[in-house]
Amino acid sequence: MLDIAYIRNNPQEVAEKLARRGFEIDFAEFLEADARRRALMHENEESKAERNRQSAQIPVIKKEGGDVSAWTARLRELSDRIKENDILINTMAEEQLEFLRAIPNIPSDDIPAGGKENNEVVSVWGEPIPVDASMKNHVELVESTGMIDYERGAKLSGSGFWIYRGAGAVLEWALLNYFINDHLNDGYEMLLTPHILNYSCGYVGGQFPKFEEDVFQIRGGGDEFQFILPTAETALTNIHADEILAEEELPKKYFAYTPCYRREAGSYRANERGMIRGHQFNKVEMFQYTRPEDSEEAFAELVRKAGRLVEGLGLAHRISMLAAGDCSAGMRKTFDIEIWIPSMQIYKEVSSVSTAGDYQARRGSIRFRRAETGKVEFCHTLNGSGLATSRVIPAIVEQCQQPDGSIIVPEVLKPWMHGIDVIRPIGEGHA
RNA sequence: GGAGAAGUACCCAAGAGGUCGAAGGGGACGGUUUGCUAAACCGUUAGUGGGGGUAACUCCAGCGAGGGUUCAAAUCCCUCCUUCUCCGCCA
């Protein structure tokens, strides 16, 4: 959510900056209503002050044995008027909030304007492996090696679900350990959060109401539902909601492993078969709460970390700076780490590192007290996947495949592979 | 799932319709005393959100959350949330 005071003072500037992400808005009507609301509020608060003053007289008069019926009658009228105005003010405030919530974050000045087509490649690491008729794609590879069992996954849960098994499961878990190890070395605190979250978490994270239909909802008796988290970011954004942190506590550096659950409704395109898009995948998420002046450096750190993880695996990848229109609504700036998928001959996102500035902090009321001034300010929040496995595994099996169909396990995963350094195809009927 | 109890400021805790934005402790901070420490004594300590004002300042809201009753609610009523205790269930 944007700062309403800032909009009041700089409506033109805000509108221009939002236009860079393709969001057209005119604040004239909104500001007019805002002024009306505040005027009414002022008037009503004076009425309340008056009521408080007069009401305090009643016990005094009573004590002297006076008659208060004239006072109560008059105050009843005043009170009724106050109540009516309160309802009106609340309605106006709600409309205002609804309007504000629908406004995306102001994109950072240092990213390109426009949509996807303006994304800029910041750096490239490794050689994009050219297509070769003898090479297999990841779906063939994970099936021929028995790493993934799609058929039985679908039997249990429907399409878009799979089972990691044998060396595949070990590799998956080794990857997660590799990520976790890196974050622990960097002093990040590890969190294992609940996977079922309250509705309000989705709101603060900025996913709701827009993406309500994209999560698995759990309905109880009430109107509001709980949901299974689509990313640990949703949990991590909320842990300090409605809190005032001490300045010394910042930056708070967290990471969490959770499976991520997404409905991904609609049919997949043919080239998104296999693990590129599923209803459940594993991810380690990095998250930071910082002081405003530290968020740029924190952003650079998260990008560096995500890139380094892919590099450590020896996988070809690149880093892209997203144009304003391609960043998700709550974010000021996003860099994607994209990994080369030889069979598709494209780079696919494995990590998305974003800074929300104070946008999420305003929604969730996440603040800190500045030691020097004693004043309360909004934190900045940043998040980045570090990493999602569902696209790393395809990249590993494709980029590390040998002519005989075996897959060489990246060196860096050895500590967790229980001696498996090559994953070989299994014979027919060995299911 | 059933039955009870409780949620007040940094912590403990009083409060039961009218100077209650809230007694009293503790803690923290400042001071007096002191060779040092301790003790004693004195003082300060509601943060927050939101209006108005250039400002000093001022007003409104706020006692788990949301509604209601009333001229007036921490106090009465309703709904919800959380915690604790007991019973049941426990692949």
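All values below were derived from every heavy atom in this structure, side-chain atoms included, with hydrogens, water molecules and symmetry-related copies excluded. Proteins come first, then strands; the chains are lettered A, B, ... in the order of their sequence lines, and each starts at number 1.
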Return the value, rounded to whole Å, for the distance between atom [atom1] of [X] and atom [atom2] of [N].
{"X": "A/Glu377", "N": "B/G47", "atom1": "CD", "atom2": "C1'", "answer": "16 Å"}
{"X": "A/Asp86", "N": "B/G50", "atom1": "CG", "atom2": "C1'", "answer": "13 Å"}
{"X": "A/Ile82", "N": "B/U70", "atom1": "CD1", "atom2": "P", "answer": "15 Å"}
{"X": "A/Arg76", "N": "B/C71", "atom1": "CZ", "atom2": "C1'", "answer": "9 Å"}
{"X": "A/Leu75", "N": "B/A72", "atom1": "CG", "atom2": "P", "answer": "8 Å"}
{"X": "A/Met1", "N": "B/G49", "atom1": "CE", "atom2": "P", "answer": "13 Å"}
{"X": "A/Asn198", "N": "B/A65", "atom1": "CG", "atom2": "P", "answer": "17 Å"}
{"X": "A/Arg74", "N": "B/A72", "atom1": "CZ", "atom2": "P", "answer": "14 Å"}

In the strands shown, is [N] matched to any nucleotide by a Watson-Crick or G-U wobble pair with both distances under 3.5 Å, and which?
{"N": "B/G88", "result": "none"}
{"N": "B/U54", "result": "none"}
{"N": "B/A73", "result": "none"}
{"N": "B/A6", "result": "B/U82"}
{"N": "B/A23", "result": "none"}
{"N": "B/A16", "result": "none"}
{"N": "B/C41", "result": "B/G31"}

On a whole-Å scale, what distance lies between the [atom1] atoms belonging to [N] and [M]?
{"N": "B/U85", "M": "B/C71", "atom1": "P", "answer": "44 Å"}
{"N": "B/C10", "M": "B/G47", "atom1": "P", "answer": "10 Å"}
{"N": "B/A16", "M": "B/C84", "atom1": "C1'", "answer": "24 Å"}
{"N": "B/U45", "M": "B/C11", "atom1": "C1'", "answer": "14 Å"}
{"N": "B/C76", "M": "B/U70", "atom1": "C1'", "answer": "10 Å"}
{"N": "B/C60", "M": "B/U8", "atom1": "P", "answer": "26 Å"}
{"N": "B/G15", "M": "B/A6", "atom1": "P", "answer": "13 Å"}
{"N": "B/A74", "M": "B/G1", "atom1": "C1'", "answer": "33 Å"}

A/His279 and A/Phe216 aromatic ring geometry - parallel, tilted or perpendicular at 30°/60° bounds: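 Taking A/His279 first and then A/Phe216, their aromatic rings stand perpendicular (interplane angle over 60°).
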Geometric class of the A/Tyr254/A/His240 ring pair [parallel <30°, tilted 30-60°, perpendicular >60°]: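 Aromatic pair A/His240/A/Tyr254 classed parallel.
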A/Arg38 bridged to A/Glu45 by N-O distance under 4.0 Å: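 A salt bridge is absent here (no side-chain N lies under 4.0 Å from a carboxylate O).
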Pair A/Glu98 + A/Arg101: basic N to acidic O under 4.0 Å: no
Within less than 4.0 Å of OP1 or OP2 of [N], is there a side-chain N or O belonging to [X]?
{"X": "A/Arg369", "N": "B/C10", "result": "no"}
{"X": "A/Thr72", "N": "B/A72", "result": "no"}
{"X": "A/Arg38", "N": "B/G52", "result": "yes"}

For nucleotides 53-63 of chain B, give me every protein contact, N/O to N/O, under 3.5 Å, one pair per line with atom names.
from, atom 1, to, atom 2, distance (Å)
B/C60, OP1, A/Asn52, ND2, 3.1

Between [X] and [Y], does any side-chain donor sit less than 3.5 Å from a side-chain acceptor?
{"X": "A/Ser354", "Y": "A/Asn383", "answer": "no"}
{"X": "A/Tyr6", "Y": "A/Glu13", "answer": "yes"}
{"X": "A/Asn198", "Y": "A/Ser200", "answer": "no"}
{"X": "A/Glu233", "Y": "A/Gln360", "answer": "yes"}

Upstream residue (5' side of RNA chain B) when A/Trp71 and A/Ile244 are each assigned their closest nucleotide: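 In this pair, the answer is A/Ile244.
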Residue met sooner reading RNA chain B from 5', once A/Arg367 and A/Asp34 are mapped to nucleotides: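 In this pair, the answer is A/Arg367.
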Matching residue for A/Trp173 among A/Tyr257, A/Trp416, A/Tyr178 - test: ring pair (Phe, Tyr, Trp, His ring centres under 6.0 Å):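 Testing each of A/Tyr257, A/Trp416, A/Tyr178 against A/Trp173, the sole residue satisfying ring pair (Phe, Tyr, Trp, His ring centres under 6.0 Å) is A/Tyr257.
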Sugar-phosphate, base or nothing in reach of A/Val376, heavy atoms under 4.0 Å: sugar-phosphate
Sugar-phosphate only, base, or nothing, as touched by A/Arg81 at under 4.0 Å among non-hydrogen atoms: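 Nothing, no heavy atom under 4.0 Å.
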Approximate separation, where rounding is to 0.5 Å, of A/Met286 CE and A/Phe179 CZ: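 It is 10.0 Å, given to the nearest 0.5 Å.
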Side-chain donor/acceptor contact of A/Ser55 with base of B/C71 under 3.5 Å: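 Yes, a donor-acceptor pair under 3.5 Å.
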